[in-house]
Amino acid sequence: MAELAALEDPRVREVNGKRGDDHGVNLGQLRVVAKRLKTQQELAKELWETGDTVARLLALLICRPKAFERDELDAMLREARTPKVHDWLVNYVVKKSTHAEDLRVAWFADTDPVVASAGWALTSERVVRNPAGLDLPLLLDMIEAEMQGAPDRLQWAMNHCLAQIGIEHPEHRARAIDIGERLEVLKDYPTPPNCTSPFAPMWITEMVRRQQATT
């Protein structure tokens, strides 16, 4: 913990604070620490229990994803209220867990929008990697009805799912683009030069163009 505290940079904290993250550690430096420690499940659990954001991020880098029980992961997600911890937990740990599908279904229907956003993130993963069994038209119905008024984190996750359906499934592409154009979610999101806009119609169009350029 002393080593992590020494990595604190007020300028990094200021930038992260604008995104809702309460830490001031450069994540590249944190990855160097994780590389040195390698996988240590028990240490990861101790770091998580501190409640400190940087310690939890390090825990997610050095843990063994498949060692967690289903209820442990559920509790961890509900405790992970900062965006970066939430994102890393879902992407680095839950997606690699044998409990991912069970948690996807449970979180997808949760009344807490932050928890539900994790369910949508896992659904987006299935849209890309394992869509068999998913009702894509129903997902589009839900996005069309609920995305525009959803809280920010949930809205972002639903928009990501909308874009992935449009990118990966040509039979639903026209409808996905139409939904995005009508709802205009993230249409004016500030996007740096040479980066793809998160506005779904632009995102879908650009990624399909890249796919076609490589075939």
Side-chain angles (χ1 to χ4, degrees), residues 1 4-5 13 16-25 27 30-31 33-34 37 39-130 133-134 138-139 142-143 145-162 164 185-186 198:
M1 294 301 293
L4 295 180
R13 177 174 287 274
N16 287 336
K18 296 176 182 177
R19 307 189 191 106
D21 285 310
D22 60 348
H23 75 88
V25 174
L27 296 180
L30 192 65
R31 291 180 188 279
V33 176
L37 293 173
T39 301
Q40 295 192 48
Q41 180 68 6
E42 290 308 312
L43 176 57
K45 286 188 173 184
E46 291 178 27
L47 288 168
W48 183 270
E49 288 301 320
T50 67
D52 178 79
T53 293
V54 176
R56 285 185 163 183
L57 290 172
L58 180 59
L60 297 172
L61 291 174
I62 67 170
C63 72
R64 187 176 294 107
K66 293 182 180 179
F68 290 106
E69 297 295 333
R70 183 241 187 241
D71 289 348
E72 282 184 289
L73 293 173
D74 182 67
M76 289 168 71
L77 186 86
R78 294 174 191 279
E79 296 171 4
R81 307 312 291 182
T82 60
K84 187 61 69 175
V85 173
H86 182 276
D87 290 346
W88 280 21
L89 176 60
V90 172
N91 287 300
Y92 295 172
V93 181
V94 178
K95 285 182 180 180
K96 299 176 183 178
S97 165
T98 55
H99 307 292
E101 179 60 15
D102 182 25
L103 290 169
R104 181 191 75 82
V105 173
W107 291 343
F108 189 85
D110 202 278
T111 56
D112 182 331
V114 177
V115 175
S117 73
W120 278 92
L122 294 172
T123 299
S124 294
E125 179 83 354
R126 274 205 57 189
V127 165
V128 176
R129 298 184 182 277
N130 183 27
L134 287 180
L138 177 60
L139 289 175
M142 295 178 68
I143 292 167
E146 301 170 19
M147 182 172 72
Q148 194 170 50
D152 288 350
R153 298 271 289 281
L154 179 55
Q155 184 185 74
W156 186 274
M158 295 176 83
N159 183 72
H160 189 185
C161 190
L162 174 65
Q164 293 294 8
V185 169
L186 301 176

**Report entry** Flag side-chain contact, heavy atom, 4.5 Å: Phe68 against Val94
**Finding:** no
Query raised in the report: Are any non-hydrogen side-chain atoms of Glu101 and Arg126 less than 4.5 angstrom apart?
Result: yes
Requested in this report: Kindly give the heavy-atom pair with the smallest separation between Arg104 and Gly119, and that separation in Å.
Outcome: CG-O, 3.7 Å
Query raised in the report: Is any side-chain heavy atom of Leu58 closer than 4.5 Å to a side-chain heavy atom of Leu37?
Result: yes
Report task. Enter the distance from Gln40:CD to Lys45:NZ here, rounded to the nearest 0.5 Å. Result -> 14.0 Å
Query raised in the report: Donor-acceptor pair, His86 side chain versus Val114 backbone, under 3.5 Å?
Result: yes
Report task. Look only at the side chain of Ser97 and the backbone of Val93, and say whether a donor-acceptor pair between them is shorter than 3.5 Å. Result -> no
Requested in this report: Would you check if the side chain of Gln155 reaches a backbone N or O of Gln148 as a donor-acceptor pair within less than 3.5 Å?
Outcome: yes
Report task. Could you tell me whether the side chain of Arg56 and the main chain of Leu47 form a donor-acceptor pair under 3.5 Å? Result -> no
Report task. To the nearest 0.5 angstrom, please state how far the CG atom of Asp71 sits from the CG atom of Leu103. Result -> 8.5 Å
Requested in this report: Find out whether Arg78 and Trp107 are in side-chain contact, i.e. whether some heavy atom of one side chain is under 4.5 Å from a heavy atom of the other.
Outcome: yes
**Report entry** Donor-acceptor contact below 3.5 Å, side chain Ser124 vs main chain Trp120
**Finding:** yes
Requested in this report: Please indicate whether Asp152 has more than 12 foreign heavy atoms, meaning atoms of other residues, nucleotides or ligands, lying under 6.0 Å from its CG.
Outcome: no
Query raised in the report: Which heavy-atom pair separates Met158 from Ala150 by the least distance, and what is that distance?
Result: SD-CB, 4.2 Å
Query raised in the report: Of Asp112, Asp22, Asp21, which meets salt bridge (charged side-chain N to carboxylate O under 4.0 Å, His left out) against Arg81?
Result: Asp112
Report task. Would you give the length of the straight line joining atom NE2 of His99 to atom CD of Glu69, rounded to the nearest 0.5 angstrom? Result -> 5.0 Å
Query - Minimum side-chain heavy-atom gap Leu61-Trp88 below 4.5 Å - result: yes
Report task. Work out which heavy atom in Ala44 is nearest to a heavy atom in Ala59; give both atom names and the distance. Result -> O-CB, 3.2 Å
Query raised in the report: Given Leu57 and Leu27, is the side-chain contact (heavy atoms from CB on, under 4.5 Å) satisfied, shown in steps?
Result: CA-CA 9 Å; Leu57 290 172; Leu27 296 180; 4.0 Å; yes
Query raised in the report: Is Val85 close to Trp48 at the side-chain level, that is, under 4.5 Å between some pair of heavy atoms?
Result: yes
Requested in this report: For Asp110 and Ala116, work out which heavy atoms get closest and say how close.
Outcome: O-CB, 3.7 Å
Query raised in the report: Shortest non-hydrogen contact from Asp52 to Val54?
Result: OD2-N, 3.1 Å
Report task. Check Glu72 against Ala67 and note the closest heavy-atom contact, atom names and distance. Result -> OE1-O, 4.1 Å
Query raised in the report: To the nearest 0.5 Å, what is the distance between CG (Leu60) and CE (Met76)?
Result: 5.5 Å
Query raised in the report: Nearest 0.5 Å, what's the OG1-CG distance between Thr53 and Leu4?
Result: 11.5 Å
Query raised in the report: How long is the span from the CG atom in Leu162 to the CE atom in Met147, to the nearest 0.5 Å?
Result: 5.0 Å
**Report entry** Beyond-backbone contact of Val127 with Leu134, side-chain heavy atoms, under 4.5 angstrom
**Finding:** yes
Query raised in the report: Are Pro198 and Trp156 side-chain neighbours, meaning at least one heavy-atom pair lies under 4.5 Å?
Result: yes
